[in-house]
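Quick note on labels: first sequence line is chain A, next is B, and so on, each numbered from 1.
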Protein chains: 2
Amino acid sequence: MSPHTSASLKALLNKRGFRLTPQRQTILYVFQTLPQGNHLSAEDLHQILRRQGERISLSTVYRTLHLMAYMGILRELELAEGHKHYELNSPYTEHHHHLVCVQCNQTIEFKSDLIDRIGTRQAEAEGYHLLDCQLTIYGICPEAMQRGWSRTLPEGWRCSQSQQRLQRSDRDSDSDMASRG
Amino acid sequence: MSPHTSASLKALLNKRGFRLTPQRQTILYVFQTLPQGNHLSAEDLHQILRRQGERISLSTVYRTLHLMAYMGILRELELAEGHKHYELNSPYTEHHHHLVCVQCNQTIEFKSDLIDRIGTRQAEAEGYHLLDCQLTIYGICPEAMQRGWSRTLPEGWRCSQSQQRLQRSDRDSDSDMASRG
DNA sequence: CATTTATTGAAAACCATTTTCAATAATTCT
DNA sequence: AGAATTATTGAAAATGGTTTTCAATAAATG
Ligand SMILES: [Mn+2]
Ligand SMILES: [Mn+2]
Ligand SMILES: [Zn+2]
Ligand SMILES: [Zn+2]
């Protein structure tokens, strides 16, 4: 599907009583020209904007992200600890899922119609109006493992979600765990 | 698989240099006796504890949640805006996924070996050490829709993530959007 | 062009979570 | 068992991402 033009964005906004502002146009443009596979936090976006000479306040960045996620233009993702990430939503970008390293936050995208179908079916089955479905796989990337990241999980464990940030006292055995995401 | 006893928990902790404390035992017990399908935030857990007469500080609650998630005893979930939720992890609870209403936060669990298999395969394919994979489906529950929650997404849209909390000014058309998760 | 009212930026407020630090207590070591 | 070691705790302060406030500005509408 074709990306939004100023006109189509304006129409979309006005239809709901919102207004087209230069700030919103600029922010959408950042996402539209962002290489596939990039995911921006509010702070990321704010940095990019000021690097481009735009002077859009952080408040407006947050407000615009919310607005566009609400309108379905952006998709909100929980990829890292502490802050959300955003990307263009389908159908402007193909719907996909994420595999993310809890150590270094490297993120790999992958598609799966099967998962999308399961998500759709499940929502239907419960009478829900589907908004989004995202399979997020958490793991440790090969590089992080080489870098000495070990996790001996209790025997029998099949799937266990990791956590950064334990107490300071963990420097010995799991030294890099204390690092911030 | 059998749940943790004080002894097995102690062994698990000591193996990594952690210690068994009454607080940790108590917190694990709360999760073990929690009805399937319940998901606790740090604050939830803290409330339950003090209702039970236990006087465990909120700091310790947070620390214990992190520790147990790190050890794979608990699973960390992103079900609502603003705070994480925790539940017993597999294999003590069967691995499953979630369908959640972005309006009222009602959460429905469902199993899917197919998804688990896709997650496992995908992690393997990239050489990742798998920690967890969770399909989270966001939608609007039937009750919320009846309650007048509408969302006309742009035509062609297939999957779009919703957002609470827009500007104050949205009271008119989407009045209940401003409510907190 | 005038009117209405959504939007913006700057600063302050918020609030879930984390950290600090001194006191306490679980483990380990005689 | 008792002493030594050091992980853990609670209370309070700090943090940091996000939200709100509010007066000024500027889209939209007619
Ligand atoms: Mn993506
Ligand atoms: Mn669950
Ligand atoms: Zn990594
Ligand atoms: Zn609902």
Side-chain angles (χ1 to χ4, degrees), chain A residues 6 9-11 13-27 40-47 49-50 54-69 76 78 80-86 163-174 178-181, chain B residues 6 9-11 13-27 40-47 49-50 54-67 69 76 78 80-86 163-174 177-181:
Chain A
S6 296
L9 179 60
K10 178 166 167 18
L13 289 167
N14 289 347
K15 182 164 56 178
R16 303 203 192 176
F18 298 127
R19 293 175 182 180
L20 178 63
T21 64
Q23 291 89 337
R24 288 174 180 174
Q25 254 178 263
T26 304
I27 287 175
L40 302 185
S41 68
E43 198 53 60
D44 292 339
L45 176 54
H46 191 232
Q47 289 309 316
L49 289 167
R50 54 174 29 225
E54 308 285 347
R55 197 147 305 284
I56 300 181
S57 77
L58 191 53
S59 313
T60 297
V61 166
Y62 275 108
R63 284 187 286 231
T64 304
L65 289 173
H66 285 153
L67 177 64
M68 293 190 171
E76 192 179 65
E78 317 269 3
E81 290 278 336
H83 51 265
K84 301 199 179 65
H85 282 122
Y86 296 84
Q163 222 29 55
Q164 320 283 92
R165 197 184 321 102
L166 280 189
Q167 296 204 161
R168 202 156 71 293
S169 39
D170 305 304
R171 25 194 144 82
D172 28 1
S173 40
D174 302 283
S179 67
R180 284 209 157 252
Chain B
S6 297
L9 179 61
K10 178 168 173 7
L13 290 167
N14 289 347
K15 180 164 57 178
R16 304 205 193 173
F18 298 126
R19 293 175 181 179
L20 178 62
T21 64
Q23 289 90 336
R24 290 174 179 173
Q25 254 178 264
T26 303
I27 287 175
L40 301 184
S41 68
E43 198 53 60
D44 291 339
L45 175 54
H46 191 232
Q47 289 310 316
L49 288 168
R50 55 175 26 230
E54 308 284 346
R55 196 147 304 281
I56 300 180
S57 78
L58 191 52
S59 313
T60 297
V61 166
Y62 275 107
R63 285 187 285 230
T64 304
L65 289 173
H66 284 154
L67 178 64
E76 192 180 65
E78 317 270 2
E81 290 278 337
H83 51 265
K84 300 197 179 68
H85 283 125
Y86 297 84
Q163 221 29 53
Q164 321 283 92
R165 196 184 321 102
L166 280 190
Q167 297 204 161
R168 200 156 74 292
S169 39
D170 305 304
R171 24 196 146 82
D172 28 1
S173 41
D174 301 283
M177 226 175 42
S179 66
R180 285 207 156 254

For A/Gln47, which residues count as a side-chain contact (heavy atoms from CB on, under 4.5 Å) partner, sequence neighbours excluded? A/Glu43, A/Arg50, A/Arg51
Atom pair distance, as rounded to whole Å: NE2 in B/His46 and P in D/dA11: 9 Å
Of B/Arg55 and B/Gly17, whose nearest nucleotide on DNA chain D comes first from the 5' end? B/Gly17
To the closest 0.5 Å, what do you measure between CD (A/Glu78) and NE2 (A/His85)? 10.5 Å
Summarise how protein sits on nucleotides 23-30 of chain D as a single string, 5' to 3': B when a protein heavy atom is under 4.0 Å from the base, S for sugar-phosphate-only contact, - for no contact. ---BBS--
Nucleotide C/dG9, atom P - distance to CZ of A/Arg24 in whole Å: 11 Å
Who pairs with B/Thr26 by side-chain hydrogen bond (donor to acceptor under 3.5 Å, both in side chains), at least two apart in sequence or on another chain? none
B/Glu81 CD to D/dG17 P: how many Å, rounded? 16 Å
Below 4.0 Å: OP1/OP2 of C/dA6 and any side-chain N or O of A/Arg16: no
Without decimals, in angstroms, what is the distance between A/Asp44 CG and D/dT18 P? 10 Å
Taken in chain and number order and not counting sequence neighbours, the residues that satisfy side-chain hydrogen bond (donor to acceptor under 3.5 Å, both in side chains) with B/Glu54 are none
Of A/Thr60 and B/Ser41, the one whose closest DNA chain C nucleotide lies more 5': A/Thr60
Using only side-chain N and O atoms of B/Gln23, determine if any of them is under 4.0 Å from OP1 or OP2 of C/dA25. no
Please report the distance, rounded to the nearest Å, between NE2 in A/His83 and P in C/dC15. 22 Å
Winner on side-chain proximity to B/Ser59, out of C/dT8, D/dA11, C/dT17, is D/dA11
Under the rule for side-chain contact (heavy atoms from CB on, under 4.5 Å), what residues qualify as partners of B/Arg19, not counting sequence neighbours? none
Considering only NZ, NE, NH1 and NH2 on the basic side and carboxylate oxygens on the acidic side, decide whether A/Glu81 and B/Lys84 come within less than 4.0 Å. yes
Does A/Tyr62 have a side-chain nitrogen or oxygen under 4.0 Å from the phosphate oxygens OP1 or OP2 of D/dT19? no
Taking atom P of C/dA26 as reference, at what distance in whole Å does atom CG of B/Leu9 sit? 14 Å
So for the helix from C/dC1-D/dG30 to C/dT30-D/dA1, with five pairs setting each end axis, what is the inter-axis angle to 10°? 50°
Given atom CD of A/Glu54 and atom C1' of C/dG9, what is their separation to the nearest angstrom? 15 Å
Quick one: is D/dT18 close enough that its OP1 or OP2 comes under 4.0 Å of any side-chain N or O from A/His66? no
Nearest-angstrom distance from the residue atom CG of A/Leu58 to P of D/dG17: 10 Å
According to side-chain contact (heavy atoms from CB on, under 4.5 Å), who are the partners of A/Thr64, at least two apart in sequence or on a separate chain? A/Arg24, A/Ile27, A/Thr60, A/Met68
Nucleotide nearest A/Ser57 (side chain, heavy atoms from C-beta), chosen from D/dG10, D/dG17, C/dG9: C/dG9
Nearest 0.5 angstrom please: B/Arg55 CZ to B/His46 NE2, how far? 8.0 Å
Separation between CG (A/Leu9) and CZ (A/Phe18), nearest 0.5 Å, reads 11.5 Å
What residues, two or more places apart in sequence or in another chain, satisfy side-chain hydrogen bond (donor to acceptor under 3.5 Å, both in side chains) together with A/Ser59? none
Can you see if the side chain of A/Arg63 gets near the phosphate of C/dT7 - specifically, an N or O under 4.0 Å from OP1 or OP2? no
